Amino acid sequence: MERYDPRAIDSRWQGIWESEGTWEVPNPGEPGFDPSKPKAYVLEMLPYPSGEPHVGHLKNYSIGDAIAHFRRRNGYQVIHPMGYDAFGLPAENAAIKTGEHPRVATERSIAAFRREFHSWGISIDWTREIASCEPEYYRWTQWIFLKLFERGLAYRAEAPVQWCPVDQTVLANEQVIDGHCERCGALVEQRNLEQWFFRITDYADRLLADFDLLESWPENVITMQRNWIGRSEGARVTFSCEELGIDFPVFTTRPDTLFGATFFVLAPEHPELERLVAGTEHEADVKAYVENARRETPAERGSGDREKTGVPLGRTVTNPVNGEEIPMFVADYVLMEYGTGALMAVPAHDERDYAFARSFGLPIRRVIEGTDPDEAVDDDGLPYSGDGPMTASGRFDGMQNRAAYGEIVDWLASEERGEPAVNYRLRDWLLSRQRYWGCPIPIVYCEECGMLPVPEDQLPVELPDVEDYAPKGQSPLATATDWVNTECPGCGGAARRETDTMDTFVDSSWYFIRYLDPHNSEAAWDREAADYWLPADQYIGGIEHAILHLMYARFFTKALADMGELGVQEPFANLFTQGMITRDGHKMSKSRGNTVSPSDYVERYGADAARTYVCFTGPPAKGGDWVDAGVEGVHRFLSRLWRLGMDVAATGESAPVAEPSEEARDLLGKAHWAIDKVTRDIEDGFQLHTAIAAVMELVNAAYRHKDSLEGDPALRFAASTAASLIFPFAPHLGAEVYEALEGRRVWEEPWPQADESYLRSDTFPLVVQVNGKRRDQVEAPADADEADLVRLAHASEAVRRHIDGREVVKEIVVPGKLVNLVVR
RNA sequence: GCGGGCGUGGUGCAACUGGUGACACGCCGGCUUUAGGUGCCGGUGCUCGAAAGAGCUUGGGGGUUCGAAUCCCUCCGCCCGCACCA
């Protein structure tokens, strides 16, 4: 008999799906739209096209495709699109080396991705394919930018920014990892530059509150975003330097410790520093200290428990609660980016302030009584961060600190020296990049009219061709003088274009909306289509996007909803983050030489084995190590299913019998159990590996009975059920076997339903225990009552041996499961 | 330090509201073919035993229970994220 030939099967079905456009789905109002079906938007993170797809992509789209197929066959109208996040640095860096236009390398890579995705047989509606580097796409990225600009959510400001000296560009805070550039690993520097920002901080509270609107997101992703936003409640209190008449607002989470403030510290970057020390004996020391701090990397400065350093300023500020003059310092443990870049130091109740006070011999005044033996470093039990009654705090003495907290803030507010305040760690999103291969920012600058948005009817502002892609501290676009020099949309005079491009995270913050109406040349999307499909019911991707991409997309969705362009507040109702596949225990990388090319395996074993393997190798949420033998194991299983199907299809079938044999009933029971198991495993949290295991079990059982049940309808049922259940994971084989057995297309069949009558059985295995230890297993009638079960237990020879004359004091019966005999 | 997760056979890992290990890899034996691999069948937690069987097993210790991977206490170890955040 011929053998399972995955390559022939793959190309046959891929041809059918391609020519029939099987996975295309219409929008509401379009021909073929079925309003009776509920919708399901199954979305995987779009790939960044660089080189060829790797196993991470294989896993991502295999999982997504399984979900898409499962939903379709459960009666949903499923949209399952694909696109490319095509702007970005790798293509540009390659262009700098080779001189080849980044578009060329990008298009080559897109072609490779497209070809491989087709060879995997994933069920994509290819009519909705998009690429973010196409003018038809980025025209609308620019449109969104302008909408944000209109509402004051995009703004330009000079700011200290993170500058990567190698990539010659500004980075978002999120792209700086431990002081290094996320992409190239270079040490990041600080610079002051005019940059474009999105006002994501306006949405901080809603980004936090709306976690409640999500159906199911991994807890760790929510936690990571929550930490990143870093909301803390407290008060803003103003200290002032009377000598120079400068007010210094500070943020504190502990207004109850205000009376314990004994000194005051500014960050080295604080803008008022110069004024404070100009012309004084401290000027030189302060300047030297600031210089030194500036040279240090954020990583060095931020490193844990290093010695506290600082320099006195020779000035004082007045503590608003008691009028005390307290000395000022500059110290690098104060961060300009958090709060106001200045803080009141309360050494008795803050570890860092305590360390600083000890080093500089500054007074330490306790204002809350109590001790925490774990934290205290000195004999007085200080520093103390716990609760207790107030002391040395004027009229608040004796009050519990928690109660004093609110009263002190109220009092300061009435004196206009403070107010309740909320502070965030989150910064605004810096989106401008001094690079070539990105979406141009649609802004022009005119001597007369100033900064103006490009009018909507002039979009897209197309990316011009340039001679040299290498950045030289300004965007390569600046060298395209014909493009830069333009007409002012306001006065018609000479104007210059903005030459920065956008961060690629802007492109990917709305692509899931464009999929819904990808060819619309009148608008970014049709509102009806967006309202119908959004939010995405299932989003699938890597954990590495837990913060950046996922938070930016949430922000865009909210901003667009506020503008009346969208009807949802959250883009992704359910999120699944897949684990990373490693090789030999390590992350795959070209430099390590341990990469796995999916195409090799697709060539050798077919798409189904490769796809099923990545879903089977462990819980999909966890990572796993790629093992070649594992792919072979899956391949063996698939060929066994194929053989089973072909053998059964080749033999005739006897007429249905009134009373199936015991063997047939067993097999039918197994099939219904598998249906139930696979359905639950996919629905309840992506237990794809156990779902596949259940199908394997069914196939093994059917295979065992293949000869004895030849011609029995039960065998055919088991085989076609297995084909039907494996289809979401191994669609080519599933379709092939199902067609051979049933003569129909499996994807047009509803998902199989477990028949309860087959899940039950006439008998069940009764476990018999003696003192909680399993000693025997006997067949018990399903309808046996407790007394019958006890009788059966006692009848067991093995059990009698164990009791060995001792007295049975108690019989514990778990109906349908076991009998436990307690003996003494 | 803070937050999240985890610890079960040689390995990846199953186990519903407490009633012991699914599926697969690997390994061992057999069959077919045979240059080898593939393919098929059977076995496989550990220890003792020829066998029947017995004892021990879900990171360690303790507890609740007739019975614990599961519940409680405690200790140990690992992974991930954030971190001088006022």
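These numbers were taken from a predicted model, which means no experiment stands behind them.
Between F239(A) and F264(A), the ring planes lie tilted relative to each other; the angle falls in the 30° to 60° range. Using cut-offs of 30° and 60° on the angle between ring planes, the pair Y338(A) and F251(A) is perpendicular. Note on ring orientation: taking the six-membered ring where Trp is involved, the planes of W429(A) and Y552(A) are parallel (angle under 30°, cut-offs 30° and 60°). Using cut-offs of 30° and 60° on the angle between ring planes, the pair F356(A) and F360(A) is parallel.
Between the C1' atoms of G19(B) and A69(B), the separation comes to 13 Å (whole Å). Remark: the separation of the P atoms in C25(B) and C73(B) is 41 Å, to the nearest Å. Using atom C1' as the reference point in both G53(B) and C72(B), the two lie 37 Å apart (nearest Å). One C1' atom belongs to C78(B), the other to G30(B), and the distance between them is 42 Å to the nearest Å. Taking atom P on both A51(B) and C16(B), the two are 35 Å apart, rounded to the nearest angstrom. Between the C1' atoms of G21(B) and G12(B), the separation comes to 14 Å (whole Å). G18(B) and C71(B): their P atoms are spaced 9 Å apart (whole Å). Only the C1' atoms considered, G9(B) is 23 Å distant from G67(B), to the nearest whole Å.
Without hydrogens or angle criteria, T617(A) side chain to Y613(A) main chain gives no donor-acceptor distance under 3.5 Å. Put simply, the side chain of T238(A) never gets that close to the backbone of D247(A): no donor and acceptor are under 3.5 Å apart. Proximity of a side-chain donor or acceptor of Y289(A) to a complementary backbone N or O of T309(A) within less than 3.5 Å is detected.
What separates OH of Y613(A) from P of G12(B) is a distance of 12 Å, to the nearest Å. The CG atom of N771(A) sits 15 Å away from the P atom of U65(B) (whole-angstrom rounding). For the pair K677(A) NZ and A14(B) P, the computed distance is 10 Å after rounding to whole Å. Rounded to a whole Å, the CG atom of L575(A) is 15 Å from the C1' atom of G4(B). Protein atom CG of D256(A) is 13 Å distant from nucleotide atom P of A86(B), rounded to whole Å. Between F729(A) atom CZ and A24(B) atom P the separation is 16 Å, expressed in whole Å. L688(A) has its CG atom 14 Å from the C1' atom of C23(B), to the nearest Å. Atom CE of M696(A) is separated from atom C1' of C25(B) by 10 Å (rounded to the nearest Å).
As the counterpart of G53(B), C48(B) is assigned, both hydrogen-bonding distances of the Watson-Crick or G-U wobble pattern falling under 3.5 Å. The partner of U38(B), taking Watson-Crick or G-U wobble pairs whose two distances both stay under 3.5 Å, does not exist in any strand shown. Using the Watson-Crick or G-U wobble rule with both distances under 3.5 Å, G1(B) pairs with C82(B). Searching all strands for a Watson-Crick or G-U wobble partner of G77(B) with both distances below 3.5 Å returns C6(B). With both pairing distances under 3.5 Å, U70(B) is matched to nothing as a Watson-Crick or G-U wobble pair. Across every strand in view, U11(B) sits in a pair with A24(B) that passes the Watson-Crick or G-U test at under 3.5 angstrom.
Within the nucleic acid shown, P218(A) has no heavy atom closer than 4.0 Å to any nucleic acid atom. Across all strands, G633(A) comes closer than 4.0 Å only to sugar-phosphate atoms, never to a base (heavy-atom distances). Backbone-only contact: N700(A) has heavy atoms under 4.0 Å from sugar-phosphate atoms and none from a base. Note on V695(A): nothing from the nucleic acid sits closer than 4.0 angstrom, heavy atoms only.
Heavy-atom nearest nucleotides on RNA chain B were determined for V822(A) and for S232(A), and the one closer to the 5' end corresponds to V822(A). The residue among A629(A) and Q687(A) whose nearest nucleotide of RNA chain B is located toward the 5' end is Q687(A).
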Protein proximity profile, nucleotides 27-54 of chain B - base contact B, sugar-phosphate-only contact S, no contact -, cut-off 4.0 Å on heavy atoms = -----------SSSS------------S
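Put simply, the side chain of H689(A) reaches to within 4.5 Å of the side chain of P619(A), judged on heavy atoms. Taking the side chain as every heavy atom from C-beta outward, R775(A) and L821(A) never approach each other to under 4.5 Å.
Annotated as anti: G59(B), whose glycosidic dihedral deviates from 0 by more than 90°.
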Taking N or O atoms only and anything under 3.5 Å, show me the protein contacts with nucleotides 19-22 of chain B, one pair per line.
{"unit_1": "G19(B)", "atom_1": "N2", "unit_2": "Q769(A)", "atom_2": "OE1", "d": "3.2"}
{"unit_1": "G19(B)", "atom_1": "N2", "unit_2": "N820(A)", "atom_2": "ND2", "d": "3.0"}
{"unit_1": "A22(B)", "atom_1": "O2'", "unit_2": "E697(A)", "atom_2": "OE1", "d": "2.3"}

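Going from atom OG1 of T721(A) over to atom CD1 of I675(A) covers 4.5 Å, rounded to the nearest 0.5 Å.
Heavy-atom contacts from other residues, nucleotides or ligands closer than 6.0 Å to CZ of R236(A) number 12 or fewer. Counting non-hydrogen atoms of other residues, nucleotides and ligands closer than 6.0 Å to CZ of R7(A) gives a total of 12 or fewer.
The stretch residues 338-345 of chain A touches RNA chain B through Y338(A), L343(A), each having a heavy atom under 4.0 angstrom from the strand.
The side chain of K622(A) places an N or O atom within less than 4.0 Å of a non-bridging phosphate oxygen (OP1 or OP2) of C13(B).
When all heavy atoms of R554(A) and L207(A) are compared, the pair lying nearest together is NH2-O, 2.6 Å. When all heavy atoms of A345(A) and Y333(A) are compared, the closest pair comes out as CB-OH, 4.4 Å.
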